[in-house]
A.B. asks: 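Please see the structure below; I have some questions.
All ligand and atom numbering here is 1-based and tracks the order in the structure.
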Amino acid sequence: MRNVIILGSGCAGNTAAIYTARAGLKPLLLMGHEPGGQLSLTTDVENFPGFPEGINGPDLVENMKKQAEKFGAECEWGTVSEADLSGKHFRVKVEGEWIHTRTLIIATGASARWLGLPNEHKLIGHGVSSCATCDGAFYKERKIMVIGGGDSAMEEANFLTRFGSEVTLVHRRDQFRASKIMLDRARANPKIKFMTNTVVENVYDVSKNLVTGVRLRNTKSNEAWDQEVDGFFLAIGHIPNTKVFKGQIETDAEGYIISKGGARTNITGVFHAGDVQDRTYRQAITASGAGCMAAIEAERFLEAEGH
Ligand code: NAP
């Protein structure tokens with residue numbers, strides 16, 4: 001029987017591991033299917049406090065893991081395939097084996113939705129990004145493209161006009177899911193060019209390890225063409241990683257965990273941390289803060305239970 005199992009190895013999970021390990025709870029952290037979380041998909045992080053020169057994303061998250069291990073956290077590879085949250089204690093199945101725990105911290109994050117283009121994944125961190133806040137500043141006076149028709153796409157396109165020489169917003173339809181106010185704001189921005197009824201067929205250039213352009217197609221005319229691009233930003237939504245808890249933990253319609261205050265979920269002893277609950281801020285620093293909150297809640301819960 002474990003005191004604490006933490007699911008997820010992004011900023012939220014690792015920070016929860018640092019705090020619970022330092023409190024002597026010997027947490028087990030299961031790293032999940034995207035070890036390091038969203039930070040492992042970026043290059044330089046310039047807005048995490050404490051690093052005036054910036055820090056490489058994967059290095060930052062690896063440092064957190066080392067810090068947690070220093071205090072006795074066990075970080076193991078593995079993804080939960082099943083979970084049972086019905087009893088007083090909880091159990092999760094990893095690689096075919098059930099592990100039991102008194103508290104569970106769910107820090108499984110939300111994975112960015114990708115287009116599934118042939119070269120897309122090879123160019124992540126080299127021009128392909130799913131986070132304008134993280135990577136926008138690298139595209140000063142460069143050509144930027146944003147994909148999507150929701151609020152995120154509008155927000156990111158507007159934000160990216162601070163940096164880019166031009167921002168093209170590409171959307172597969174001519175109707176927008178975005179709220180009127182966000183759409184109007186983007187439309188009023190002279191640096192944003194809208195390109196509707198357009199899909200992306202590929203992104204180049206893997207041989208240069210850098211985004212240099214994209215292949216586009218107009219869905220009405222079927223015309224296809226190449227366009228030069230330096231920064232290619234996807235804003236087509238995120239998918240919270242809560243599938244294994246479906247029907248057990250309270251989520252909203254899209255699968256984000258509903259907070260019951262602090263880091264609490266509807267199940268006593270099960271806590272949330274990071275993007276798995278947060279659809280608004282989604283920053284490394286807010287995820288770390290949430291991991292700290294979940295750890296403190298778990299610690300207090302165990303103490304009250306006499307462990
Ligand atoms: P979203 O509302 O689900 O929009 C996703 C967009 O991506 C849609 O326009 C969709 O196109 C497009 N898309 C999805 N899959 C695609 C694919 N395979 N190829 C091309 N396009 C694709 O997601 P979101 O914009 O991230 O917003 C999520 C939630 O957060 C919303 O509730 C939103 O209001 C909220 N949010 C609020 C703010 C704010 O108020 N400041 C900012 C950001 C997000 P279709 O329309 O054709 O399906």
A.B. asks: Atom CG of L29 and atom CD of E69: how far apart are they, to the nearest 0.5 Å?
C.D. replies: 9.0 Å
A.B. asks: Against heavy atoms of G237, which atoms of ligand 1 measure under 4.0 Å?
C.D. replies: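 Atoms satisfying the 4.0 Å criterion: 23 (O), 26 (O).
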A.B. asks: Check each atom of ligand 1 against the heavy atoms of R173 and keep those under 4.0 Å away; list them by number with element.
C.D. replies: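 Checking each atom against R173, I get 45 (P), 46 (O), 47 (O).
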A.B. asks: Nearest to atom 12 (C) of ligand 1 by heavy atom, T280, I181, I236: which?
C.D. replies: I236
A.B. asks: Aromatic ring centroids of F176 and F194 under 6.0 Å?
C.D. replies: yes
A.B. asks: Using a heavy-atom cut-off of under 4.0 Å, does the side chain or the backbone of H171 touch ligand 1, or both, or neither?
C.D. replies: side chain
A.B. asks: When rounded to the nearest 0.5 angstrom, what is the spacing between CD in E97 and CZ in R91?
C.D. replies: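 Interatomic distance, E97 CD to R91 CZ, rounded to 0.5 Å: 12.5 Å.
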A.B. asks: Does ligand 1 come near enough to G149 that some N or O of the ligand is less than 3.5 Å from an N or O of the residue?
C.D. replies: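 So ligand 1 has an N or O lying under 3.5 Å from an N or O of G149.
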A.B. asks: Tell me: protein heavy atom nearest atom 17 (C) of ligand 1, and distance?
C.D. replies: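 Result for atom 17 (C) of ligand 1: R172 NH1, 3.3 Å.
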A.B. asks: Taking the side chain as C-beta and beyond, is there a heavy-atom pair between N3 and P27 under 4.5 Å?
C.D. replies: no
A.B. asks: State whether the side chain of D230 and the backbone N or O of R142 hold a donor-acceptor pair below 3.5 Å, judged by distance alone.
C.D. replies: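 Not confirmed, D230 side chain does not pair with R142 backbone.
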A.B. asks: Within the 4.0 Å heavy-atom shell around R279, which atoms of ligand 1 are there?
C.D. replies: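 In order of number, 29 (C), 30 (O), 32 (O).
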A.B. asks: Please state whether M182 comes within less than 4.0 angstrom of ligand 1, counting heavy atoms only.
C.D. replies: yes
A.B. asks: Students should be able to answer this: which protein heavy-atom is nearest to atom 24 (P) of ligand 1, and at what distance?
C.D. replies: S152 OG, 3.2 Å
A.B. asks: Are any non-hydrogen side-chain atoms of R102 and E305 less than 4.5 angstrom apart?
C.D. replies: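 Side chain of R102 against side chain of E305, heavy atoms only: no contact under 4.5 Å found.
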A.B. asks: So for ligand 1, is E155 a polar contact partner (N or O within less than 3.5 Å, distance only)?
C.D. replies: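 Between E155 and ligand 1 (N or O atoms, distance only) the closest approach is under 3.5 Å.
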A.B. asks: What pairs with A68 under side-chain contact (heavy atoms from CB on, under 4.5 Å), at least two apart in sequence or on another chain?
C.D. replies: A17, I18, A73
A.B. asks: Evaluate the ring planes of F159 and F163, with Trp represented by its six-membered ring, and classify them as parallel (under 30°), tilted (30 to 60°) or perpendicular (over 60°).
C.D. replies: perpendicular
A.B. asks: Among all protein heavy atoms, pick the one closest to atom 36 (N) of ligand 1 and tell me residue, atom and distance.
C.D. replies: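 Nearest neighbour among protein heavy atoms for atom 36 (N) of ligand 1, to 0.1 Å: D151 CB, 3.7 Å.
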A.B. asks: Write out the residue and atom name of the closest protein heavy atom to atom 19 (N) of ligand 1, then the distance separating them to 0.1 Å.
C.D. replies: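 Looking at atom 19 (N) of ligand 1, the protein heavy atom closest to it is L115 CD2, 3.2 Å.
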A.B. asks: For atom 2 (O) of ligand 1, what is the nearest protein heavy atom, given as residue, atom name and distance?
C.D. replies: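 Of the protein heavy atoms, R177 CD, 3.5 Å lies nearest.
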A.B. asks: Stepwise, does the side chain to side chain donor-acceptor pair (under 3.5 Å) test hold for W225 with E223?
C.D. replies: CA-CA 7 Å; W225 70 100; E223 181 200 353; over 6 Å; no
